[in-house]
Structures are given as structure tokens and as C-alpha cells.
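By convention in this document, chain letters (A, B, ...) are assigned in the order of the sequence lines, proteins followed by strands, and residues within each chain are numbered from 1. Keep in mind that this is a model prediction, so the values were computed, not measured.
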Number of protein chains: 2
Amino acid sequence: MNSEFTIAVHSLALLANLPDHMASSEHIAKNVCTNPARIRKIMSILRKHGFVRTKEGIGGGYILDRDPRELNLAQIYETISSGTLKPHWCTGDPEDTCVVSSKMHCVMDQIFNQAEFHYKKYLEQITIQSVLDQIKQP
Amino acid sequence: MNSEFTIAVHSLALLANLPDHMASSEHIAKNVCTNPARIRKIMSILRKHGFVRTKEGIGGGYILDRDPRELNLAQIYETISSGTLKPHWCTGDPEDTCVVSSKMHCVMDQIFNQAEFHYKKYLEQITIQSVLDQIKQP
DNA sequence: TAAACTGTAAGCATTAAGATTACAGTACTC
DNA sequence: GAGTACTGTAATCTTAATGCTTACAGTTTA
């Protein structure tokens with residue numbers, strides 16, 4: 001599991017906390033503790049899905065383009081990390097004569113797909129606003 | 001996400017399919033498509049949790065020690081892969097003066113812990129027997 | 001036209017995942 | 001009790017995934 005989803009959530013929460021001005025990739029990167037190129041890559045995907053607006057040139061950067069109360073983590077997961085619940089490596093061999101070996105891949109695939117469905121159902125309940133509220137709790 | 005959980009499920013389903021005799025690590029490894037040492041490492045954990053019995057020496061190997069209808073994937077996940085839903089890398093910096101940066105780690109931790117809780121709830125519904133039934137479907 | 005930004009990609013470094021090898025310990029068989 | 005076929009476990013090596021750095025073209029503003 002890589003951490004692009006976590007970075008996206010962090011970045012969006014940060015933008016929700018700065019509703020009135022743009023934040024540069026360098027600013028966000030410092031806050032998240034990573035490098036600007038990585039932030040730009042992730043924000044570029046978020047822009048293509050309409051979560052943020054970007055502006056190039058002087059005074060440019062990123063700004064949230066959604067109501068944080070209506071932006072949930074399932075939407076973010078979907079665009080950034082869909083399909084990452086299942087491991088890259090898979091057991092079994094479809095060519096094997098043993099049914100267990102030959103079908104296991106397919107069965108585990110279904111299990112992970114459904115697991116991801118439930119995972120997203122859970123993430124749907126959490127909005128960027130609720131993340132921000134939790135952060136600001138004393 | 002590594003694939004030890006998948007390997008454990010595959011191995012246990014295989015054992016459930018061979019209820020009357022022991023399977024060696026080499027046999028299981030061939031079926032799973034990995035190496036015997038890896039199987040032994042995973043099976044050793046499963047033995048410590050009472051899922052399988054092992055026997056050393058000639059004719060030894062592994063045999064299921066649970067009713068496959070009462071052995072669910074949540075139990076397996078718990079013993080093999082607990083805590084792996086959250087990425088190793090974490091955003092933010094607890095020492096940062098910005099609340100978002102300093103608290104994000106803690107908030108994401110909670111989110112991933114609860115996500116794992118829901119994930120396990122889903123896995124509870126799936127038994128080794130049901131995996132085997134799915135495999136044997138035409 | 002210079003400065004400050006994004007967009008994107010190539011290449012490098014680090015870390016996690018998986019394979020290999022080795023060998024001690026155990027149980028069975030002759 | 002010696003040989004064989006297993007598990008248990010650890011050390012080391014290889015490969016693949018992850019993250020970082022650098023670079024530069026494109027865009028906007030001053």
C-alpha cells in the first residue's frame with residue numbers, strides 16, 4: 001500500500017483550511033513532508049477530477065474546488081488508489097490441474113473486490129470537513 | 001500490501017480439500033507457486049494459533065485442525081496481517097506548528113484503524129469452507 | 001522578458017517483498 | 001542407531017515497489 005491516498009487527504013484538508021488563497025506545491029509538500037514534484041503529480045490527478053483548481057504562473061498553486069462537507073474520502077480513494085487493496089503478487093496457477101490452485105486467483109480477486117467495495121462504503125462516511133474538524137478538536 | 005494473507009487462505013483451503021492426510025511444505029508451495037520456506041514460515045504462525053497441526057519427520061507436514069465451516073478469513077487476517085492496511089509512510093510532522101501537519105498522522109491512524117475494523121467485519125462472513133465451495137463451483 | 005508557478009517525465013536511491021540456501025531439530029523406518 | 005524426510009528458523013541475496021531528485025517545457029503575471 002503506497003501513501004498517495006494519505007497524501008491526497010492531507011493536501012485537501014490543508015486546502016480546506018486555507019479556503020481563500022492558493023497554496024503552492026512547495027507549501028503543501030513542506031506540510032505533508034514530501035517533495036513538490038510528488039504533490040504536483042497527485043494534485044494534477046485531483047484537478048482532472050474536479051476536486052481542486054490549479055493556476056500556473058506567479059501567485060499560482062492549488063485551491064479546493066468543492067464544498068469540503070460534500071467531498072468524502074471514498075471519492076478521493078477512487079481517483080487515487082482504486083484497486084490497491086489486493087496484493088500485486090497472486091497465489092496459484094490457472095494452468096494447474098488442481099482446482100484449488102487454478103481457481104484460487106479468481107476467488108481471491110472477487111474477495112478483494114468486494115472488500116474494496118465495503119472499504120469504500122466506510123470511507124464514504126468521512127468527509128474532508130470531518131477530517132478537519134477532528135484535527136481541530138482540542 | 002504483501003501477500004501472506006492470500007497465501008494463508010490458499011494453503012488452508014488446500015488443506016481443507018485434503019482433510020485426511022498431511023501435506024508437506026513442498027506440496028503446498030508448488031500449489032501456491034512459491035517456495036517451501038515461505039510456506040513453513042506462514043504455517044508456523046498458523047500452528048501457533050491452532051489453525052493447523054504440524055508433524056515433523058517422515059510422512060509429516062501440515063493438516064487442518066479446525067472445522068473449515070468455522071474458520072473465517074478475519075481470524076486468518078488477524079493472525080497474519082493485522083495492521084497492514086495503513087501505509088508505512090506517514091504524512092505530516094507532529095512537531096510542526098501547523099495543526100493540520102501536526103495532527104494529520106493521528107487522525108489518519110484512527111481512520112485506518114476503523115477501516116481495518118470494518119474490513120475484518122467483512123472477512124468474518126467468509127469461511128474457508130465457503131472459499132472451497134466457490135472454487136468447486138462449475 | 002524575467003520571475004514564479006504547474007505539468008510531466010526520466011533516472012536514482014531506498015525500502016519492502018520474495019527467493020534461496022543452509023542447517024539444527026524431530027520423527028519415522030529399516 | 002543410522003539414514004531419510006520432514007519442520008523451524010535465520011541469514012543472505014534478488015527483485016520489485018516506493019519515494020526522491022533533477023530537469024525542463026509551458027503558463028501566467030508583473
Side-chain angles (χ1 to χ4, degrees), chain A residues 1-8 10-11 15 18 21-65 80-81 83-93, chain B residues 1-8 10-11 15 18 21-65 80-81 83-93:
Chain A
M1 183 83 69
N2 73 21
S3 34
E4 297 192 345
F5 169 64
T6 311
I7 293 174
H10 186 145
S11 304
L15 293 182
L18 304 167
H21 66 285
M22 295 220 140
S24 69
S25 60
E26 199 178 332
H27 176 181
I28 300 172
K30 277 223 179 80
N31 202 277
V32 166
C33 296
T34 186
N35 54 297
R38 197 175 187 197
I39 294 295
R40 291 203 289 269
K41 190 185 154 212
I42 294 170
M43 295 313 268
S44 175
I45 298 168
L46 294 177
R47 174 181 56 80
K48 283 170 190 159
H49 286 81
F51 298 133
V52 298
R53 264 179 303 134
T54 72
K55 209 165 97 185
E56 303 185 9
I58 293 180
Y62 304 90
I63 195 165
L64 196 63
D65 199 25
I80 298 285
S81 296
T84 56
L85 211 55
K86 94 179 64 163
H88 310 106
W89 195 91
C90 274
T91 65
D93 169 15
Chain B
M1 184 81 68
N2 73 21
S3 36
E4 298 194 344
F5 169 64
T6 311
I7 293 174
H10 185 144
S11 304
L15 293 181
L18 304 167
H21 66 283
M22 296 220 137
S24 70
S25 62
E26 200 178 331
H27 176 179
I28 300 172
K30 275 221 179 81
N31 202 276
V32 167
C33 295
T34 185
N35 54 297
R38 198 175 184 200
I39 294 296
R40 292 203 287 268
K41 190 185 154 212
I42 293 169
M43 297 310 270
S44 174
I45 298 169
L46 294 176
R47 174 181 56 82
K48 282 169 189 158
H49 286 80
F51 298 133
V52 298
R53 265 179 302 134
T54 71
K55 208 164 100 184
E56 303 186 8
I58 292 180
Y62 304 91
I63 195 165
L64 197 63
D65 199 24
I80 297 287
S81 296
T84 55
L85 212 55
K86 94 179 62 165
H88 309 107
W89 196 91
C90 274
T91 65
D93 169 14

**Q** Quick one: CD1 on B/I39 to CD on B/E4, what's the gap to the nearest 0.5 Å?
**A** 10.0 Å
**Q** Please determine whether the number of non-hydrogen atoms from other residues, nucleotides or ligands lying under 6.0 Å from atom NZ of A/K86 exceeds 12.
**A** yes
**Q** Checking B/T91 against B/W89 for the side chain to side chain contact (heavy atoms under 4.5 Å, CB included) test, could you report, in this order, the C-alpha distance in whole Å, the side-chain angles of both residues, the deciding distance, and whether it holds?
**A** CA-CA 7 Å; B/T91 65; B/W89 196 91; 3.5 Å; yes
**Q** Report the distance from atom NZ of A/K41 to atom P of C/dA10, rounded to the nearest whole Å.
**A** 13 Å
**Q** Verify side chain to side chain contact (heavy atoms under 4.5 Å, CB included) between A/T34 and A/H10, making sure each step is shown before the conclusion.
**A** CA-CA 12 Å; A/T34 186; A/H10 186 145; over 6 Å; no
**Q** Which of the following nucleotides, D/dT7, C/dA27, C/dT6, is nearest to the side chain of B/I58?
**A** C/dA27
**Q** So which of residues 83-92 of chain B are in contact with DNA chain C, with a heavy-atom cut-off of under 4.0 Å?
**A** B/H88
**Q** In whole angstrom, give the distance that lies between atom CG of B/N35 and atom C1' of C/dA22.
**A** 14 Å
**Q** For A/D65, enumerate each residue passing the salt bridge (Lys or Arg N to Asp or Glu O under 4.0 Å) test, keeping only those at least two apart in sequence or located in another chain.
**A** A/R53
**Q** Report yes if at least one side-chain N or O of A/S3 is closer than 4.0 Å to OP1 or OP2 of D/dG19; otherwise report no.
**A** yes
**Q** Under a 4.5 Å cut-off applied to non-hydrogen side-chain atoms, are A/S11 and A/M43 in contact?
**A** yes
**Q** With DNA chain D as reference, determine whether B/G59 or A/E56 sits nearer its 5' end, using the nearest nucleotide of each.
**A** B/G59
**Q** Side-chain N or O of B/T34 versus OP1/OP2 of C/dA19: is the shortest distance under 4.0 Å?
**A** yes
**Q** Taking CD from B/E26 and P from C/dT21, how many angstroms apart are they, rounded to a whole number?
**A** 13 Å
**Q** How many Å lie between NE2 on B/H27 and C1' on D/dT7, as a whole number?
**A** 17 Å
**Q** Between D/dT9, D/dA5, C/dT8, which nucleotide gets closest to the side-chain atoms of B/A37?
**A** D/dT9
**Q** Any side-chain N or O of A/S25 under 4.0 Å from OP1/OP2 of C/dC5?
**A** no
**Q** Between C/dG7, C/dT29, D/dT7, which nucleotide gets closest to the side-chain atoms of B/T54?
**A** D/dT7
**Q** Between C/dG7 and A/R47, is there an OP1 or OP2 to side-chain N/O distance shorter than 4.0 Å?
**A** yes
**Q** B/R38 vs B/I7, test: side chain to side chain contact (heavy atoms under 4.5 Å, CB included). Steps then yes/no.
**A** CA-CA 9 Å; B/R38 198 175 184 200; B/I7 293 174; 3.4 Å; yes
**Q** For A/R53 and C/dG7, give me the distance from atom CZ to atom P, rounded to whole Å.
**A** 13 Å
**Q** Yes or no on side chain to side chain contact (heavy atoms under 4.5 Å, CB included) for A/I45 and A/I80, after CA distance, side-chain angles and deciding distance?
**A** CA-CA 7 Å; A/I45 298 168; A/I80 298 285; 4.0 Å; yes
**Q** Whole-Å distance between C/dT6 P and A/K55 NZ?
**A** 11 Å
**Q** In this structure, how many angstroms lie between the C1' atom of D/dT27 and the CE atom of A/M22, rounded?
**A** 13 Å
**Q** Nearest nucleotide by nearest heavy atom, which residue falls closer to the 5' end of DNA chain C, A/G57 or A/K48?
**A** A/G57
**Q** Quick one: B/R40 CZ to C/dA24 P, roughly how many Å, whole number?
**A** 15 Å
**Q** Which part of the nucleic acid, if any, lies within reach of A/N2 when heavy atoms closer than 4.0 Å are counted: base, sugar-phosphate only, or nothing?
**A** sugar-phosphate
**Q** Got a donor-acceptor pair under 3.5 Å from the side chain of A/R38 to the base of D/dG19?
**A** no
